[in-house]
Amino acid sequence: MEKKKLVLGVIGADVHAVGNKILDHAFTHAGFEVINLGVLVSQEEFIEAAIETAADAIVVSSLYGHGELDCRGLRDKCKEAGIGDILLYVGGNIVVGKQPFEEVEQRFKDMGFDRVFGPGTSPDEGIAFLKKDLNITE
Amino acid sequence: MEKKKLVLGVIGADVHAVGNKILDHAFTHAGFEVINLGVLVSQEEFIEAAIETAADAIVVSSLYGHGELDCRGLRDKCKEAGIGDILLYVGGNIVVGKQPFEEVEQRFKDMGFDRVFGPGTSPDEGIAFLKKDLNITE
Amino acid sequence: MELRNKRISDDDFQRQREEVLTQWPTGADVNFEEGVAYQAALPEHKKFGKKLLEAKAEGRTLTQPRAGVALIPEHLELLSYLQDVGEADLLPTTIDSYTRQNRYQKAEIGIEESVKTGKSMLNGFPAVNHGVKGCRQIIEQLDTPVQVRHGTPDARLLTEICYTGGFTSYEGGGISYNIPYAKNVDLEKTIRDWQYVDRLTGMYEEAGVSINREPFGPLTGTLVPPSISHAVGIIEALLAAEQGVRNITVGYGQCGNLVQDVAAIQTLQELTDEYLTKYGYKVDVTTVLHQWMGGFPQDEAKAFSVIAWGSTAAALSRATKVIVKTPHEAMGIPTKEANAQGLLCTKQVISMLQDQALDPNSLKLEKEIITAETRCLVDKCFELGEGDIAVGTVRAFAAGILDVPFAPSRFNAGKMLPCRDNEGAVRIFAPGNLPFSADLLAFHQDKLSARAKAEGRAPSFQMVIDDVYAISKGRLVGRPR
Amino acid sequence: MELRNKRISDDDFQRQREEVLTQWPTGADVNFEEGVAYQAALPEHKKFGKKLLEAKAEGRTLTQPRAGVALIPEHLELLSYLQDVGEADLLPTTIDSYTRQNRYQKAEIGIEESVKTGKSMLNGFPAVNHGVKGCRQIIEQLDTPVQVRHGTPDARLLTEICYTGGFTSYEGGGISYNIPYAKNVDLEKTIRDWQYVDRLTGMYEEAGVSINREPFGPLTGTLVPPSISHAVGIIEALLAAEQGVRNITVGYGQCGNLVQDVAAIQTLQELTDEYLTKYGYKVDVTTVLHQWMGGFPQDEAKAFSVIAWGSTAAALSRATKVIVKTPHEAMGIPTKEANAQGLLCTKQVISMLQDQALDPNSLKLEKEIITAETRCLVDKCFELGEGDIAVGTVRAFAAGILDVPFAPSRFNAGKMLPCRDNEGAVRIFAPGNLPFSADLLAFHQDKLSARAKAEGRAPSFQMVIDDVYAISKGRLVGRPR
Ligand code: B12
Ligand code: B12
C-alpha cells in the first residue's frame with residue numbers, strides 16, 4: 001500500500017523546533033511520508049506543499065501562543081486552493097496561557113480543524129487518530 | 001508600676017511546646033509576669049492558676065487542631081469561678097485545617113474570647129494588644 | 001516490676017494483656033491467633049516491611065504522607081486519593097490526639113461532632129474507637145501498605161487493635177513517643193509500655209508475620225542535632241530487637257544543611273546496623289528521612305521549596321523512604337489535594353535525582369562527627385545502665401546525658417541548647433550534660449564562634465529563637481535583622 | 001560591507017541608523033541625546049547593571065521572571081504584581097513573537113484584538129508599536145530595574161526605542177538570537193545587526209550611561225552541553241566588548257546534574273573573564289542561571305520541584321541572578337499569580353541555601369572538562385577567522401565546529417547529538433564536527449558507554465528523544481520503559 005502523506009510544520013512566527021523534529025521522526029517511523037516544512041511556516045506554504053505533494057493531511061503545530069491568530073482562515077484558504085476537504089490537525093500550546101481545553105478545542109473546530117490536541121499530547125495519540133481518519137489498517 | 005500577670009499555656013491534649021517556650025520568653029521580656037503552665041493544660045488548670053495568682057489575662061495557645069473542641073465553655077467556667085471578666089486570648093493553629101480566618105475568629109469570639117490570633121502570629125502582635133487591653137503605657 | 005532490657009515473659013505479657021484489652025470496649029474484638037491469620041493472608045503488595053526492603057535493595061526512595069480524619073468513609077477517600085492521585089508508595093493512618101492521650105471518651109465526642117458538622121473535628125483517625133473491623137476496612141480497600149503513625153505514650157491497646165486490624169507497620173517508641181509528646185509521663189513507664197508493643201510485634205514475627213517498626217526519628221522536630229536523634233533511634237531499635245522485632249526503620253528529621261543531612265542518613269544506617277550486630281540481633285534495618293519538621297513558611301510556593309529541599313536530602317542520601325510535608329503545613333491539617341501535591345512534588349525530585357549523589361569525600365568529616373557523638377551518647381547509656389540499655393536510658397535522661405531540645409516532658413533536662421553554625425548545620429551552643437569528648441565540644445564551639453563572628457553577636461537564646469523562626473521566614477540560619 | 005570584529009565607525013553607524021529609525025513610525029521619537037539624558041536621570045535603584053554588581057559583590061543571587069503582555073496597563077499591572085507580591089529583584093519586559101520577527105503590522109493587529117477580546121492575544125509586549133512613551137510608562141511606574149528579553153534576529157529598531165525608552169538592560173546577541181530563533185536568517189547579517197546594538201550600547205556607555213547586556217545563554221534550551229553555550233556566550237561577550245559594552249551577564253541553562261550545573265556557572269564566570277582580559281577588554285562580568293529550559297511536567301506540584309531544583313543549582317553556584325520558571329510552564333503563558341509563585345518558590349530556596357556550597361574538590365573534574373572543551377571551541381573559532389572572532393564564528397557554524405542541538409536555523413549544522421550520561425550530565429553522543437581533543441571525545445564516549453551498559457541498549461536517537469521527554473515525565477535520565 002502506498003504511504004499516506006502528511007505536511008508537517010510549525011505555523012506563524014513560531015520557532016519551537018524540538019517537538020517538530022520529534023514528530024517528524026515519530027510519524028515517519030509510523031509509516032507516513034512526512035513533508036516537514038520545519039518552523040516559521042505560513043498558511044500559504046502549508047497549502048502549496050499540500051497541493052504539490054497531493055498530501056492527505058496537514059498537521060499544524062503551534063507552541064508559542066499565537067496559534068489562534070495564526071490559524072484563522074486556514075480552512076477557507078484550503079477551500080479557495082481547491083483542497084477544501086483535506087484533513088486538518090492542530091496541536092501544541094495553541095493558545096496564550098492555561099485555558100480550559102474544551103473551550104479551546106471548540107474554537108479551533110469552529111475554525112475548521114478536524115482534530116485539536118492540547119499541550120504535551122504524545123505523538124502516538126496523533127498517530128492513532130491519523131490512522132483512523134485516513135482509514136489505515138494493519 | 002506592678003507587672004501585669006498572664007497565665008499562659010497550651011490547651012487540651014496538645015503538646016506543641018516550642019511556641020509556648022518562645023511566648024514565655026517574649027512576654028517576660030516585654031515586662032509581664034508570666035505564669036506558664038506549659039502544654040497539656042485543662043480549662044480547670046487555667047482557671048485555678050488565674051484565681052490563685054490574681055492574673056490579668058489568660059493566654060491560650062492551641063496548635064494541634066482540636067482548639068474548637070477544647071476551648072468551648074472556657075468563658076462560662078470563668079464566670080462560674082468568679083473571674084468572668086478576665087481577658088481571654090487564644091492563638092495558634094486553632095482549628096482543623098486551612099479555614100478562612102474571619103469565620104474562625106467569629107466562632108471563637110462567640111465562645112467568649114476577647115482576641116483571636118491566626119497561624120504564625122508573632123508574639124509582638126500579641127504583646128501590642130495586651131498592652132492596649134490592659135492599659136499599659138510607657 | 002523492675003525495668004530491664006529483657007524479653008517480657010509470656011506470663012507477664014498475658015497478665016498485662018488482660019488489663020489492656022479492657023481499657024475500651026473495642027478491645028474485646030482482639031484475638032491474637034485470628035490476627036495472625038488475617039495478617040498472614042494479606043497479599044504481598046500490602047506488606048510494609050517487604051516493600052521497604054525491596055526499595056532498599058534497588059536504591060529507591062519511597063514516598064509516604066501523613067493523613068488521618070475522624071470517620072472511616074472519609075479516611076478511606078483520603079487515603080485512596082493519596083494512593084491514586086498522589087502516587088504515594090506507602091500510606092499512613094495518623095491517629096488523633098485524644099486517642100494518643102488515651103482519652104477515648106473525648107475521641108467519641110469528636111466522632112459524633114464530626115458526623116454532625118460534616119467536617120473532621122479530630123486531627124486524626126481514632127482507631128481504638130473504630131475498632132478491629134474499622135481498621136480492616138482500611139486495609140482491605142487499599143492497594144498499598146498502611147502504617148499507623150501517632151505519638152502515643154501508652155499505645156498498648158492501640159497496637160493490639162491495629163495489629164489485629166491488619167496494619168503492617170507501626171511507628172513509635174518508649175522514648176520518642178514520650179519526650180516530645182508528653183509532660184508528666186514517667187519515662188520508665190513508657191519504655192515498659194513500648195516493650196509490650198515490641199513484644200507483641202515479636203510474637204507476630206515468631207508466628208511468621210513480620211510487622212515493621214519505626215522509632216519516631218525527629219523528636220521535637222526543632223533543631224535536634226543528628227547524634228541525639230540517632231542515639232534515641234538506636235536505643236529504641238535495641239529495645240525492640242530484644243523483644244523480637246526483626247524489621248526496623250530508623251528515622252531522622254531533616255536539619256537543612258545538605259551535607260549534614262546526607263551524612264546523617266548514611267551514619268544512621270551504619271550505626272544502627274553496627275549496634276544491633278554488636279549486641280547480637282539480626283534485624284533488617286531501613287531508614288526514613290522526615291522533610292523539615294519545624295515551623296513552615298505560610299506561603300504555599302515557599303512551602304513547596306521546603307518540601308523540595310527535604311526531598312533532595314532524601315534522594316541524595318538514598319533514604320529508604322521519605323515522609324512528606326504539604327503546602328498547607330503552616331496553616332493546618334492539609335486537604336487531600338494539598339497532601340497529594342506534597343507527594344507529587346517529592347516524587348518528581350526523587351526520581352529526577354535518582355542517578356546523582358554527593359561526593360563521598362565531602363561527607364567524611366560530618367560523618368565522623370556524627371558517628372563519634374552518637375557513640376559517646378549510646379555507650380554512655382550502656383555504662384550508666386551497667387550494661388542494661390533500658391536502665392541506662394532512664395538514668396541518662398535524668399542526668400541530662402540524653403537531652404532533647406524544646407521537649408515538653410519534665411523527664412527531659414532541657415539544658416542543652418542547639419544553634420546553627422554559619423553554614424546552617426545544627427550544632428550545640430550550650431552542651432548541658434552531654435557526654436561529648438573535649439574534641440567534639442571544641443568542634444562545636446569553633447563552628448559557633450565562626451557564626452558569631454560573621455554576625456557580630458555572641459551566641460545567645462535570641463540566636464536560638466532566630467533559628468527556630470528561620471525557615472518559616474525564608475532562611476536557614478536565623479541572621480540578626 | 002565585510003564582517004569584521006571591529007568597532008563600527010560613527011559614519012557607518014549613522015548611515016544605518018537613518019534607515020533603522022524609519023522601519024516603523026515610532027522610530028521617529030528616538031533621539032540619542034535625549035535618551036542619554038533620560039537614562040542618566042534615572043534613580044540609582046532602577047539601574048540594572050548596578051544592582052547586578054552589588055549582588056555579585058555580596059554573593060547573593062537575584063530573582064528575575066519572564067513576563068510580557070500586549071497592552072500597557074495590563075503589562076504594568078503584571079510587573080507591579082511580580083515586584084510587590086512576587087518579590088522579584090529584577091523585572092523583565094518580554095517582547096512578543098511578531099515584534100521579534102519585525103512583523104510590526106501583525107503586532108498592531110494583536111494589540112487591536114487584545115483590546116477587543118479583553119485578553120492578551122500576544123505572547124509578549126510589542127515595544128516597537130508602543131514606542132518610546134509607552135516604554136517610559138513602564139520604567140517610571142516601577143521601582144525595580146527592567147530588562148528587555150526577546151529573541152529578535154534584527155533588533156536594531158527595538159533597541160533604539162527601548163534604550164531611549166529607559167530600559168537599563170538588554171538581552172540577546174547575533175548568535176544566540178539567531179540560531180535558536182530563526183530558520184533562514186544569515187548568521188553574518190545577525191552578527192552585524194547585533195554589532196549595531198552593541199555599538200549603541202557602547203555609545204551610551206561613552207556618554208556615561210551603562211546599560212547591561214546579556215547574551216542568551218540557554219540557546220535551544222534542550223540538552224545543550226555547557227561548553228557549547230559557554231563558547232557562544234564568550235564570543236558574544238567579545239563582540240560586545242569590542243563595540244564598547246562594559247557590563248555583561250553571561251548565561252547558562254540548567255542541565256539538571258548538580259555538579260555539572262555548578263561547575264558550569266563557575267567556569268562561565270572564569271572563562272569569560274579570562275577571554276575578555278586576554279583580548280584587552282575591561283568588562284564587569286556577572287552570570288545568570290536559567291532554570292530548566294526544556295519541556296516541563298504539566299502537574300504544578302511537579303513543576304515546583306523543577307523550579308526548586310533550578311534554584312538549588314543557582315544558589316549553590318552563586319550565579320548572580322536566576323531566571324525563574326512558573327508552575328504553568330508546560331501549559332502556556334503564566335498568570336501573574338503563577339509567575340509570582342515561581343518567584344517565591346525560588347526566593348525561598350535561594351535564601352535558604354545562601355550559606356551552603358558544594359565541596360570544591362567535587363567540582364574539579366567537571367570544571368576541567370568544561371574549561372578544556374570551551375577553549376577548544378573558542379580557540380578554533382579564532383583560528384578559523386585568522387584572528388577575527390566574528391569571521392571565525394560564521395565559518396565555525398558553517399563547518400559544524402559550533403553546533404547547537406535542535407536548532408531551527410539552516411545556518412546550524414545540526415550534526416552533533418547530545419545525550420545524558422548515567423548520572424544525568426549532558427554529554428556528546430555524536431560529536432559531528434566538534435573540534436574536541438581525542439581525550440575529551442574519549443571521556444564522552446566512556447560516560448555514554450557506562451549508561452548504555454546500565455540500560456542494556458546502545459546510544460541512539462531514541463535515547464536522545466527519551467532524554468528530551470525525561471524531565472516532563474519525572475526523570476532526568478530518559479531510561480527505557
Ligand atoms: C514541630 C511540630 C510538631 C512537633 C512538636 C514538638 C513539640 N513537642 O513541641 C511534633 C512532631 C511532636 C508534632 C506533633 C503533632 N502535630 Co505538629 N506541628 C509542628 C509544626 C511543624 C511546627 C510547630 C512549631 O514549633 N512552630 C514554631 C513555633 C515558634 O511557632 P508556633 O508553634 O506556631 O507558635 C507561635 C505562634 O503560633 C504564636 N502563638 C501561639 N499561641 C499564641 C497565642 C496568642 C495569644 C498569640 C498572640 C500568639 C500565639 O506565637 C508562637 C511563637 O511565635 C507545625 C506546623 C507549622 N507551624 O509549620 C505542626 C502542626 C501544629 N502540628 C499539627 C498536628 C496535627 C500534629 C499531630 C496531631 C501529628 C500529625 N497529625 O501530624 C501531633 C500532635 C501532638 C499533640 N498531641 O499535640 C498540625 C495542626 C493542624 C491543625 N491545627 O489543623 C500542624 C499545623 C501541622 C499540619 N499542618 O498538619 N508537631
Ligand atoms: C524549549 C522552549 C523554548 C526554546 C525553543 C528552542 C527551539 N527553537 O526549539 C526557546 C527558549 C528558544 C523558546 C522561545 C520562546 N518561547 Co518557548 N518554550 C520552550 C518549552 C520550555 C519547551 C518546548 C519543547 O521543546 N518541548 C519538548 C517537545 C518535545 O514538546 P512540544 O514542543 O510540546 O511538542 C510536542 C507536543 O506538543 C506534541 N505536538 C506538537 N504539535 C502537535 C501537533 C499534533 C497534531 C499533535 C498530535 C501533537 C503535537 O508533540 C510534540 C512532540 O512530543 C515550552 C514549555 C514546555 N512545554 O515546557 C515553552 C513555551 C512553548 N514557550 C513559550 C513562549 C511564550 C516562548 C517565547 C515567546 C519566549 C517567552 N515569552 O518566554 C519564545 C518564542 C519564540 C518563537 N518565536 O517561537 C510558551 C508558549 C506560551 C503559550 N502558548 O501560552 C511556552 C509554553 C512556555 C510558557 N509557559 O510560557 N522556547
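Keep in mind it's a predicted model, so treat the numbers as computed, not measured. Convention: sequence-line order gives letters A, B, ...; per-chain numbering from 1.
Listed for the C:Gln298 side chain is a donor-acceptor partner under 3.5 Å among the backbone atoms of B:Pro119. For the pair C:Lys183 (side chain) and B:Val39 (backbone), a donor-acceptor distance under 3.5 Å is present. A distance-only check finds a donor-acceptor pair linking the side chain of B:His66 to the backbone of C:Asn123 [under 3.5 Å].
Heavy-atom distances place no part of C:Pro334 under 4.5 Å from chain B, backbone and side chain included. Only the side chain of C:Arg103 comes within contact range of chain B, judged by heavy atoms closer than 4.5 Å. Neither the backbone nor the side chain of C:Pro405 comes within contact range of chain B, judged by heavy atoms closer than 4.5 Å. Only the side chain of C:Phe461 comes within less than 4.5 Å of a heavy atom in chain B; its backbone stays farther off. If you measure heavy-atom distances from C:Ala407 to chain B, the contacts under 4.5 Å come from the backbone alone. Only the backbone of C:Ser120 comes within less than 4.5 Å of a heavy atom of chain B; no side-chain atom from C-beta onward does. Interface remark: C:Thr222 contributes side-chain atoms only to the contact with chain B (heavy atom separation under 4.5 Å). Contact of B:Ile22 with chain C is made through the side chain alone, with heavy-atom distances under 4.5 Å.
The candidate from B:Gln99, B:His16, B:Arg72, B:His29 with the greatest count of non-hydrogen atom pairs under 4.5 Å with chain C is B:Arg72. The most heavy-atom pairs under 4.5 Å with chain C, out of B:Gly97, B:Gly19, B:Gly38, come from B:Gly97. Contact count versus chain B (heavy atoms, under 4.5 Å) is highest, among C:Arg100, C:Glu300, C:Lys106, for C:Glu300. Of the listed residues (C:Leu122, C:Thr220, C:Ile109, C:Val464), the one with the most heavy-atom contacts under 4.5 Å to chain B is C:Leu122.
Nearest heavy atoms, B:Ala17 versus C:Phe406: CB-O, 3.5 Å. Between C:Tyr181 and B:Val15, the shortest heavy-atom contact is O-CG1, 3.1 Å.
For the residue pair B:Asp70 and C:Tyr98, a side-chain donor N or O sits within less than 3.5 Å of a side-chain acceptor on the partner.
For B:Asp110, the CG atom is densely surrounded, since the number of other residues' heavy atoms within 6.0 Å is greater than 12.
To the nearest 0.5 angstrom, B:Leu63 atom CG is 10.5 Å from C:Ser97 atom OG. Here the CD-NZ distance, from B:Glu68 to C:Lys119, works out to 5.5 Å after rounding to the nearest 0.5 Å.
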